[in-house]
Trainee: 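Below: one structure in structure tokens.
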Amino acid sequence: MSLTYKLLQKTGIASKTVDPAFEKQRDQFSEVTSASAKLHKSTKRYMDALRATSSAQEKLAYSFAEVEEHREPPKSESEDGARWTAAMSAVTAKQDEVYRDLEYNVRMCVYEPMGRFVKLSQAVTETVRRREQKLLDYDRYRYKAEKLKDKPGDKGKLDKAQQQLDAAQSAYVEVNDMLVEELRSLCAARAAYFDPCFVALVQAQAQATGDLAQFTGGGG
């Protein structure tokens with residue numbers, strides 16, 4: 001029956017209730033949800049890149065040391081090679097330490113909070129779907145009651161249809177009002193939720209950059 005009524009709505013035979021307040025909040029929430037999901041995925045790629053960079057640095061240091069190991073230069077050059085090999089090994093170890101700390105901070109301050117928000121968004125999206133079903137039921141019973149009004153002698157059926165309509169309207173209004181307020185609250189709170197994540201990300205990156213610069217003597 002729901003599919004049949006949807007077809008009637010699409011063909012213009014039956015009307016569909018429109019709630020501008022809900023649609024406005026839903027559209028805003030959809031934009032926030034989409035941006036949050038993209039940020040969550042981007043953060044994951046960023047952490048993967050940090051691990052990949054550390055791995056590449058380790059392989060580079062190993063290859064460098066391997067080349068030095070098989071060289072047979074004069075003693076002075078050999079000492080220089082050993083010194084640079086040790087320096088690269090130290091830098092590699094420090095970079096790995098810094099990147100591990102950075103990855104941890106990014107995970108705790110951005111990735112996991114965004115993940116929780118994405119899960120919350122998915123739960124709200126399920127409520128939006130439930131609201132759509134309640135709306136469809138309401139419109140369907142309203143259409144049925146209106147059709148029966150045009151048929152004299154069907155008072156019993158009309159009364160039953162009116163009862164079904166009242167129940168469907170009550171169920172729809174309840175979930176719709178609740179959802180509009182919830183969407184409004186979530187959209188209004190996004191700055192308070194996201195801003196600390198962004199601040200923490202910038203601070204973590206700045207700390208990592210400063211630690212590496214200080215280690216290599218470039219921190220002033």
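This one's a predicted model, so the numbers in the text were calculated from it and none came from an experiment.
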Trainee: For the atom pair CZ (Phe117) and NE2 (His40), what is the distance rounded to the nearest 0.5 Å?
Mentor: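 Reported to 0.5 Å precision, the distance equals 12.0 Å.
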Trainee: Is there side-chain contact between Leu179 and Val124, with heavy atoms separated by less than 4.5 Å?
Mentor: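 Side chain of Leu179 against side chain of Val124, heavy atoms only: contact under 4.5 Å found.
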Trainee: Table please: side-chain donor-acceptor pairs of residues 26-38 below 3.5 Å, with sequence neighbours left out.
Mentor:
residue: Ser30; atom: OG; partner: Arg26; partner atom: O; Å: 2.9
residue: Thr33; atom: OG1; partner: Phe29; partner atom: O; Å: 2.8
residue: Ser36; atom: OG; partner: Val32; partner atom: O; Å: 2.8

Trainee: Step by step, work out the side chain to side chain contact (heavy atoms under 4.5 Å, CB included) result for Val91 and Leu212.
Mentor: CA-CA 8 Å; Val91 170; Leu212 286 175; over 6 Å; no
Trainee: Output all residues satisfying side-chain contact (heavy atoms from CB on, under 4.5 Å) with Leu102, sequence neighbours left out; order by chain, then residue number.
Mentor: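 Checked Leu102 against side-chain contact (heavy atoms from CB on, under 4.5 Å); matches are Tyr46, Leu50, Val106, Ala204, Gln205, Ala208.
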Trainee: Roughly how far apart are Gln169 CD and Asp139 CG, rounded to 0.5 Å?
Mentor: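 So the gap between those two atoms works out to 10.5 Å.
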Trainee: Does some side-chain heavy atom of Met47 sit less than 4.5 Å from a side-chain heavy atom of Tyr99?
Mentor: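 No, side chains not in contact.
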Trainee: Decide salt bridge (charged side-chain N to carboxylate O under 4.0 Å, His left out) for Glu181 and Arg184; before the verdict, give the C-alpha distance in whole Å, the side-chain angles of both, and the deciding distance to 0.1 Å.
Mentor: CA-CA 5 Å; Glu181 184 58 34; Arg184 183 182 293 114; 3.0 Å; yes
Trainee: More than 12 heavy atoms of other residues, nucleotides or ligands under 6.0 Å from CZ of Phe198: yes or no?
Mentor: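 Yes, CZ of Phe198 has more than 12 neighbouring heavy atoms, counting only those of other groups under 6.0 Å.
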Trainee: Strictly below 4.0 Å, N to O, side chains only: are Arg45 and Asp48 in salt-bridge contact?
Mentor: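 The answer is no: the pair does not qualify as a salt bridge.
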Trainee: Between Glu58 and Asp96, what is the shortest heavy-atom contact and its length?
Mentor: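 Between these two residues, the closest heavy atoms are OE2-OD1, 3.6 Å.
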Trainee: What closest approach, in Å, do Pro113 and Met108 show between heavy atoms, and which atom pair accounts for it?
Mentor: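 The pair with the smallest heavy-atom distance is CD-O, 3.3 Å.
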Trainee: Run Arg140 and Asp137 through side chain to side chain contact (heavy atoms under 4.5 Å, CB included) and show every step you take.
Mentor: CA-CA 5 Å; Arg140 179 162 56 87; Asp137 291 340; 3.1 Å; yes
Trainee: Taking all atoms of both residues into account, what is the closest heavy-atom pair of Leu165 and Tyr141, and its distance?
Mentor: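 Heavy atoms of Leu165 and Tyr141 come nearest at CA-CB, 3.8 Å.
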Trainee: May I ask you to say whether Lys149 pairs ionically with Glu146, meaning some side-chain N is under 4.0 Å from a carboxylate O?
Mentor: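 Result for this pair is no, no salt bridge flagged.
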Trainee: Using the rule that Ile, Leu, Val, Met, Phe, Trp and Tyr join whenever any side-chain heavy atoms are under 4.5 Å apart, tell me whether Val175 and Val180 fall into a single cluster.
Mentor: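 No, because Val175 and Val180 fall into different hydrophobic clusters, even though each may have its own neighbours under 4.5 Å.
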Trainee: Judged by atom type as modelled, is there a donor-acceptor pair below 3.5 Å linking the side chain of Arg190 to the main-chain atoms of Cys187?
Mentor: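 Yes, because the side chain of Arg190 sits within donor-acceptor range (under 3.5 Å) of the backbone of Cys187.
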Trainee: Decide yes or no on side chain to side chain contact (heavy atoms under 4.5 Å, CB included) for Leu201 and Tyr111, but give the supporting numbers first.
Mentor: CA-CA 10 Å; Leu201 174 61; Tyr111 182 74; over 6 Å; no
Trainee: For residues 102-131, pull every pair meeting salt bridge (charged side-chain N to carboxylate O under 4.0 Å, His left out), keeping only residues two or more places apart or in separate chains.
Mentor: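 Those involving residues 102-131 are Arg51-Glu103, Glu103-Arg107, Glu126-Arg129.
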Trainee: Do the side-chain N and O atoms of Asp166 and Gln162 include a donor-acceptor pair separated by under 3.5 angstrom?
Mentor: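 Asp166 vs Gln162: donor-acceptor pair found between side chains.
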Trainee: Starting from the C-alpha separation in whole Å, work towards a yes-or-no answer on side chain to side chain contact (heavy atoms under 4.5 Å, CB included) for Gln207 and Asp101.
Mentor: CA-CA 10 Å; Gln207 180 67 43; Asp101 289 343; over 6 Å; no
Trainee: Between Ala161 and Leu148, which heavy-atom pair has the shortest distance, and what is it?
Mentor: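 Looks like CB-CD1, 3.6 Å.
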Trainee: Of all the heavy-atom pairs spanning Ala191 and Pro196, show the shortest one and how long it is.
Mentor: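 Residues Ala191 and Pro196, closest heavy atoms: O-CD, 4.0 Å.
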Trainee: Rounded to the nearest 0.5 Å, what separates atom CG in Asp19 from atom CG in Leu135?
Mentor: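 Rounded to the nearest 0.5 Å, the CG-CG separation comes out at 8.5 Å.
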Trainee: Applying the side chain to side chain contact (heavy atoms under 4.5 Å, CB included) criterion to Tyr172, which one of Lys134, Gln133, Glu132 satisfies it?
Mentor: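 Only one option passes, and that is Lys134.
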